[in-house]
Visitor: 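Okay, here's the structure, questions in a sec.
Each ligand, and each atom within it, is numbered from 1 in the order the structure gives. What you see is a predicted model; the values in this text were computed from it and never measured.
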Amino acid sequence: MARKKKEELEGTEELEEKQLELEDLPGVGPMTAEKLREAGYDTIMAIAVAPTQELSDSSGMTVAGAMKAQIAARNALDMGFISGTELVERKSVVERIKTGSEDFDGLLGGGVETQSITEAFGEFGSGKSQLGMMLAVNCQLSKEEGGLDKDVIYLDTENTFRPERIKQISESRGLDPNTILSRIMVARAYTSDHQMLLVDKLDEMIGKHPRKFGLIIVDSLMSLFRSEYAGRGTLATRQQKLNRHLHALQSVADKHNMAVYVTNQVQSNPGIFFGNPTTAIGGHILGHASQFRLFLRKGKGGKRVAKLVDSPYLPEGEILFNITEKGIEEA
Ligand code: GTP
Ligand code: MG
């Protein structure tokens, strides 16, 4: 369809329905749009919230020009202000998914919350994927049993999703393994762009699906980003993309009252000589985006330790749990 000029559409419903493209912004031609997209600014929202200087640097526009495009982008958007009353109403529908361990639930203030991103980071074998699979089962339980009675979306970036494990956990908890499995939609992501695209398409997918979803799992959030953006000078691009990805996850979570659980890797931090020399990767962008950050590690006698390191209102704390045939259990 030939694109109509915006003036022709002014005041018509067509304009409201029309998704603005970067090329619709003042001073942004096809070449500039291309450069912006390459730099990761591929939506009107991304333009609206970007640092003006970076927009200018990455596109070759003057700072004044970039600012003009940005003001137009901001005007075109519903920037998402909501009243305090509405905020209270929204937060009051926050629900929780139980982990399988009461201590663990206690650490999280009752379980993994909807409308928030919960991140688990830790070394290999610390239980990050196991917790993900456990939540995928528990999300489907009734509310009385500590679930949401909703289906699950599982983004698998490392090919570590194990249907047999889901079956085992379900069976040992007296649930029908085939029903449980059929309510987990698994997508394998092969590149970070693919991973981002899957999340960008989620809203549409959720809208079309006959059942409701309560949980998105991304296992692992960072592995593809980390391997693809390993070179010097690529960190800024990686962080911009990660930022967009996290915003997309948060917005689906808010809109559909879903929980988001992501796993993350650690890197050894040679700057720390005392305490545990490992930090989550993803930097401040991830640190700020995930409302609940859990550090998982192996403890004595096969037990696991979960430490809440960052949360908006809960105290920091540490608990023990077990990984068993039944998934996550009390230590
Ligand atoms: P990476 O993805 O490698 O970084 O690790 P991770 O943190 O995701 O580890 P994961 O959650 O896969 O935990 C693996 C550990 O869970 C294993 O070392 C086992 O101790 C335990 N585990 C996995 N499957 C089973 C099972 O079927 N039964 C029991 N009892 N334990 C299991
Ligand atoms: Mg894993």
Visitor: Run the side chain to side chain donor-acceptor pair (under 3.5 Å) test against Q70 and tell me which residues pass, sequence neighbours left out.
Guide: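 If we apply the side chain to side chain donor-acceptor pair (under 3.5 Å) test to Q70, skipping adjacent residues, the hits are T52.
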Visitor: Can you label the angle between the F121 ring and the F295 ring as parallel, tilted or perpendicular, going by 30° and 60°?
Guide: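 Judged by the thresholds at 30° and 60°, the geometry between F121 and F295 is parallel.
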Visitor: Provide the number and element of each atom of ligand 1 under 4.0 Å from a heavy atom of E325.
Guide: 30 (N)
Visitor: Is T324 close enough to touch ligand 1? Criterion: a residue heavy atom under 4.0 Å from a ligand atom.
Guide: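 T324: in contact with ligand 1 (<4.0 Å).
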Visitor: Looking at ligand 1, does any of its N/O atoms fall within less than 3.5 Å of an N/O of L131?
Guide: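 No, there is no polar N/O contact under 3.5 Å.
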Visitor: For the Mg ion (ligand 2), which protein N/O/S atoms are closer than 2.8 Å?
Guide: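 Within the sphere that stays under 2.8 Å of the Mg ion (ligand 2), the protein atoms of type N, O or S are S129 OG.
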Visitor: Could you pull out every donor-acceptor pair under 3.5 Å between side chains of residues 317-324 and any protein atom, sequence neighbours left out?
Guide:
residue	atom	partner	partner atom	Å
N322	ND2	E330	O	3.4
T324	OG1	K326	N	3.0
T324	OG1	E329	OE1	2.7

Visitor: Identify the protein heavy atom lying closest to atom 4 (O) of ligand 1, giving its residue, its atom name and the separation to 0.1 Å.
Guide: K128 NZ, 2.8 Å
Visitor: So which protein heavy atom does atom 23 (C) of ligand 1 come closest to, and at what separation?
Guide: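 For atom 23 (C) of ligand 1, the nearest protein heavy atom comes out as Q130 NE2, 3.1 Å.
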Visitor: Among L148, L175, D149, find the one that has a side chain to side chain contact (heavy atoms under 4.5 Å, CB included) with L141.
Guide: L175
Visitor: May I ask you to list the atoms of ligand 1 that are less than 4.0 angstrom from any heavy atom of S129?
Guide: 2 (O), 6 (P), 8 (O), 11 (O), 12 (O)
Visitor: Quick one: which of G125, S223, G302, G122 has a heavy atom closest to atom 9 (O) of ligand 1?
Guide: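 Result: the heavy atom closest to atom 9 (O) of ligand 1 is in G125.
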Visitor: Return the orientation label for the F213 and H209 ring planes: parallel under 30°, perpendicular over 60°, tilted otherwise.
Guide: tilted
Visitor: Measuring from R211:CZ to I206:CD1, what's the distance to the nearest 0.5 Å?
Guide: 14.0 Å
Visitor: Closest non-hydrogen protein atom to atom 28 (N) of ligand 1, residue and atom name please, with distance?
Guide: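 In this structure, atom 28 (N) of ligand 1 has R165 NH1, 3.8 Å as its nearest protein heavy atom.
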Visitor: Given the ring of F124, does K298 sit roughly above its face, with NZ or CZ under 6.0 Å from the centre of the six-membered ring and within 45° of the axis?
Guide: yes
Visitor: If you measure from the Lys or Arg side-chain nitrogens to the Asp or Glu carboxylate oxygens, is any gap between K167 and E171 under 4.0 Å?
Guide: no
Visitor: Using a 4.0 Å heavy-atom threshold (strictly under), name the region of E123 that reaches ligand 1: side chain, backbone, both or neither.
Guide: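 The answer is the backbone.
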Visitor: What protein heavy atom sits nearest atom 19 (C) of ligand 1, and how far away is it?
Guide: R304 NH2, 4.1 Å
Visitor: Identify, for atom 21 (C) of ligand 1, the protein heavy atom at the shortest distance, and state residue, atom and that distance.
Guide: I323 CG2, 3.7 Å
Visitor: Do K255 and D203 meet the salt-bridge criterion of a basic N to acidic O distance under 4.0 Å?
Guide: yes
Visitor: Check this for me, if you would: do D156 and R188 make a salt bridge, where the nitrogen-to-carboxylate-oxygen distance has to be below 4.0 angstrom?
Guide: no
Visitor: Taking NZ, NE, NH1 and NH2 as the nitrogens, is one of them in E95 or K143 under 4.0 Å from a carboxylate oxygen of the other?
Guide: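 Judged by the 4.0 Å cut-off on N to carboxylate O distance, E95 and K143 do form a salt bridge.
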Visitor: Run the side-chain donor-acceptor check on residues 105-112: report pairs under 3.5 Å with partners two or more places apart or on a different chain.
Guide:
residue	atom	partner	partner atom	Å
D105	OD1	T99	N	2.7
D105	OD1	T99	OG1	2.7

Visitor: Nearest protein heavy atom to atom 3 (O) of ligand 1, by residue and atom, and its distance?
Guide: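 Protein heavy atom at minimum distance: F124 CB, 3.4 Å.
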